[in-house]
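To keep things clear, I will list the structure first and then write my remarks on it.
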Amino acid sequence: KAGVTQTPRYLIKTRGQQVTLSCSPISGHRSVSWYQQTPGQGLQFLFEYFSETQRNKGNFPGRFSGRQFSNSRSEMNVSTLELGDSALYLCASSFLTGDTDTQYFGPGTRLTVL
Amino acid sequence: GENVEQHPSTLSVQEGDSAVIKCTYSDSASNYFPWYKQELGKGPQLIIDIRSNVGEKKDQRIAVTLNKTAKHFSLHITETQPEDSAVYFCAAINTGNQFYFGTGTSLTVIP
């Protein structure tokens with residue numbers, strides 16, 4: 001089975017711009033979660049989508065949004081980029097057969113905001 | 001919400017020695033505890049996990065122990081090899097499937 005794929009792998013933007021990141025989960029997985037990883041803050045949960053609905057949301061401003069499509073692929077969008085948004089954005093998918101399930105991570109998208 | 005603490009933040013061991021990383025959690029509703037290994041330039045990879053109805057789990061050189069009463073769990077790597085060098089993250093998950101990660105341990109295995 002192919003793993004979680006994320007595109008693009010690297011992205012450079014300037015302050016004020018917006019960006020859209022894409023995640024394709026493992027085939028058959030219906031839950032997709034997004035995380036922001038920075039050296040100072042570690043792995044921080046952004047949001048989780050299951051069957052096109054946002055199930056959980058982390059403590060991030062409204063500039064961060066996401067969505068999930070009927071084929072379980074997900075996108076996250078960051079508007080009005082700030083320097084502090086520079087980070088590795090990770091997507092993880094899980095099958096979610098019960099209340100909890102193993103998450104499998106993609107390689108991440110490295111976003112640099114200049 | 002859940003709070004996961006992980007120690008130590010850095011760990012250096014000689015090749016062949018054992019490495020132990022410890023995590024504590026605060027939410028007694030957490031019932032699933034995976035460990036991830038992250039190598040440079042890659043996403044975290046699941047290496048072992050344990051559920052709250054089990055006290056210990058082993059997979060070759062890697063083992064995880066869970067003490068529900070004390071709310072702590074540990075990763076044990078025996079006979080360490082240079083390729084074990086990476087950042088390791090613990091996580092605690094509650095019934096809402098929300099993942100809370102520790103801050104990571106950078107493990108260096110010295111040949």
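Order of the sequence lines fixes the chain letters, A, B, ..., with proteins taken first and strands second; residue numbering starts at 1 for each chain. We use all heavy atoms of the structure for the numbers below, so side chains are in, but hydrogens, waters and symmetry mates are not.
Of the atoms belonging to Pro44(B), heavy atoms from both backbone and side chain fall under 4.5 Å from chain A. With a threshold of 4.5 angstrom between heavy atoms, Phe89(B) approaches chain A through side-chain atoms but not through N, CA, C or O. Contacts of Arg9(A) with chain B are made by side-chain atoms alone, with heavy-atom separations under 4.5 Å and no backbone atom involved. The contact between Gln37(A) and chain B is made entirely by side chain atoms (from C-beta outward), counting heavy-atom distances below 4.5 Å.
Seen from the ring of Tyr10(A), Arg110(A) does not count as a face-on cation partner, given the 6.0 Å and 45° thresholds.
Atom OG of Ser106(B) is separated from atom CD of Gln38(B) by 11.0 Å, given to the nearest 0.5 angstrom.
With sequence neighbours excluded, the residues satisfying side-chain hydrogen bond (donor to acceptor under 3.5 Å, both in side chains) with Ser26(B) are Glu2(B).
Using cut-offs of 30° and 60° for the angle between ring planes, the Phe101(B) and Phe105(A) rings count as perpendicular.
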